[in-house]
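Please read these numbers as outputs of a predicted model, since none were measured by experiment. As the structure lists them, so they are numbered: ligands from 1, and atoms in each ligand from 1.
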Amino acid sequence: MKVLGIESSCDETAAAVVADGRVVLSSVVASQVAIHRPYDGVVPELASREHLRVVAPVVSRALAEAGMAADTLDGLAVTRGPGLIGALLVGFSFAKAYAWALGLPWVGIDHLEAHIQAVFLGDDPPPFPFVALMVSGGHTCLYDVTGPTAMTPLGQTRDDAAGEAFDKVAKMLDLGYPGGEVIDRIAVDGDPTRVAFPRPFLNRDTFDFSFSGLKSAVRRHLETHPPLCSRDMADIAASFQEAVVDVLTAKAVAACRRRGCRHLALVGGVAANGRLRTRLTADARSKGIRVHIPAPAFCGDNAAMVAAIGYHRLAAGERTPLDADVFSRHPIRIG
Ligand code: KG4
Ligand code: ZN
């Protein structure tokens, strides 16, 4: 079953064709980073306009790269939320019209569930059940995953997401947008023990996270100890990153142990972080837990992950009605 995926929840317009939820036939991602960079963050109105400009050509390219005509598709999956409403509406409305015109079965997809599905697009998919640590610019959550569409949230951030903290700290350090990747890069040469930043919620018996206090601690440190050279910048970046990695690693490993799971998936944009990948893999291994991480192309926002979960939902008979709407956020049930 060949499913077309469409993603437009934030600042990437993406389309992909995936066979049977596993084989990526094409994956096209049009990034808007250059448009938002001058503003040091995503400007929702500009994001919507750019999605509108490129969504049709991005879908055409995804079909062309898969070597397919639109009428040979078996289904369509599109991100419904959470995300920026205006941005979501562009992909969602396009998908509705496309599916209706072609008579295709279609389904609206939860963006966070799609990120988790990305782990099945590589050569190292985890067996069920597994725990998923979903770390992106908008979300930080732990899930208990017992089947392709069976995901129960175990905890989530109470304020800023991990990626958001990376981006805000990068902004404080004048490193530009998006900052996660830059912090990752400069932290390699820094001393992670130079500044003892707080590890929020590390010792609390909860799978929830909180990163806004850490962000404020970095701001206060910068006010009293402004970096004087690139060495200082690298040390602050490394110390901040280490605090985030300590908390994410400890909670994810604890969740696996609590659930009796031997497999852990690390997904979302922050899964590209080198230090997090290394630490999580090593700490989990020492507890007999194997970590599975999607290829870098499938960590950040993409449409292959949307098509992948769409396949399972469509195969299970799920359909979204044409009068369905997008959603910006959803209250996550903690199971
Ligand atoms: O999943 P994603 O592409 O979009 C959302 O759904 O939010 O995640 C984007 C986030 C941004 O905050 C970005 O700074 C962060 O992922 N990110 C990183 C790295 N690469 C991207 N954070 C830390 N280290 C990285 N290497
Ligand atoms: Zn995302």
Side-chain angles (χ1 to χ4, degrees), residues 5-14 16 27 29-33 36-37 40-42 44 47 51 78-84 87-88 91 109-119 121 132-141 143 156-157 160-173 175-188 190 192 209 211 214-215 237-238 240-245 247-249 265-280 293-306 308-309 328-330:
I6 299 177
E7 153 66 36
S8 71
S9 66
C10 191
D11 59 347
E12 262 103 23
T13 320
S27 179
V29 180
S31 168
Q32 301 181 0
V33 162
H36 301 291
R37 188 170 281 134
D40 271 344
V42 178
H51 286 308
V78 58
T79 307
R80 187 173 178 183
L84 301 170
L88 285 162
I109 296 298
D110 183 308
H111 182 73
L112 311 187
E113 294 190 2
H115 268 299
I116 295 174
Q117 204 68 27
V119 79
L121 297 174
L133 172 62
M134 219 293 299
V135 268
S136 74
H139 299 88
T140 304
C141 325
Y143 284 82
Q156 62 174 323
T157 181
D160 292 356
E164 194 178 349
F166 268 96
D167 293 338
K168 287 179 177 165
V169 166
K171 195 170 167 177
M172 291 177 213
L173 290 170
L175 295 173
Y177 166 84
E181 214 180 308
V182 191
I183 292 200
D184 187 0
R185 201 168 55 239
I186 70 167
V188 170
F209 304 88
F211 292 109
L214 170 59
K215 177 191 68 189
F240 157 75
Q241 178 176 269
E242 202 66 9
V244 176
V245 168
V247 176
L248 293 176
T249 301
L266 171 63
V267 299
V270 184
N273 184 269
R275 182 70 181 148
L276 177 60
R277 294 165 85 103
T278 312
R279 271 286 306 284
L280 192 65
I293 310 175
F298 301 126
C299 286
D301 286 345
N302 67 90
M305 65 188 191
V306 178
I309 185 142
S328 64
R329 52 197 306 143
H330 54 76

Show the atoms of ligand 1 that are less than 4.0 angstrom away from any heavy atom in [X].
{"X": "G163", "result": "12 (O)"}
{"X": "G300", "result": "3 (O)"}
{"X": "G180", "result": "14 (O), 18 (C), 19 (C), 22 (N), 23 (C), 24 (N), 25 (C)"}
{"X": "G138", "result": "7 (O)"}

Checklist outcome for this item: Looking at H115, the N/O/S atom that lies nearest to the Zn ion (ligand 2) is called NE2
Checklist entry - Which atom, among the N/O/S set of D301, is closest to the Zn ion (ligand 2)? => result OD1
For [atom], which protein heavy atom lies nearest, and how many Å away is it?
{"atom": "atom 3 (O) of ligand 1", "result": "D301 N, 3.1 Å"}
{"atom": "atom 15 (C) of ligand 1", "result": "V270 CG2, 3.9 Å"}
{"atom": "atom 24 (N) of ligand 1", "result": "N273 ND2, 3.0 Å"}
{"atom": "atom 9 (C) of ligand 1", "result": "G137 N, 3.6 Å"}

Next on the checklist: To the closest 0.5 Å, what do you measure between CG (N273) and CZ (R279)?
Outcome noted: 11.0 Å
Next on the checklist: Nearest 0.5 Å, please: how far is CD1 in I6 from CD1 in I109?
Outcome noted: 12.0 Å
Next on the checklist: Below 2.8 Å, can you find an N, O or S atom of H111 next to the Zn ion (ligand 2)?
Outcome noted: yes
Item to check | Test salt bridge (charged side-chain N to carboxylate O under 4.0 Å, His left out) applied to D110 - qualifying residues, sequence neighbours left out | outcome: none
Next on the checklist: According to salt bridge (charged side-chain N to carboxylate O under 4.0 Å, His left out), who are the partners of K168, at least two apart in sequence or on a separate chain?
Outcome noted: D160, E164
Checklist entry - Between P178 and V33, is any pair of side-chain heavy atoms under 4.5 Å apart? => result yes
Item to check | F240 and L173, any side-chain heavy atoms less than 4.5 Å apart | outcome: no
Contact summary for [X] and [Y], nearest pair of heavy atoms:
{"X": "A308", "Y": "L121", "result": "CB-CD2, 4.0 Å"}
{"X": "G137", "Y": "A161", "result": "O-CB, 3.5 Å"}
{"X": "S9", "Y": "P82", "result": "CB-O, 3.9 Å"}

Indicate, as side chain, backbone, both or neither, the part of [X] found under 4.0 angstrom from ligand 1 when only non-hydrogen atoms are considered.
{"X": "D167", "value": "side chain"}
{"X": "D184", "value": "side chain"}
{"X": "H115", "value": "side chain"}

Checklist entry - Under 30°, 30 to 60°, or over 60°: which ring-plane class applies to H111 and H115, parallel, tilted or perpendicular? => result perpendicular
Next on the checklist: Please confirm whether H111 approaches ligand 1 to less than 4.0 Å, judged on its heavy atoms.
Outcome noted: yes
Checklist entry - Which one of A118, A161, G269, P178 has a non-hydrogen atom at the shortest distance from atom 20 (N) of ligand 1? => result G269
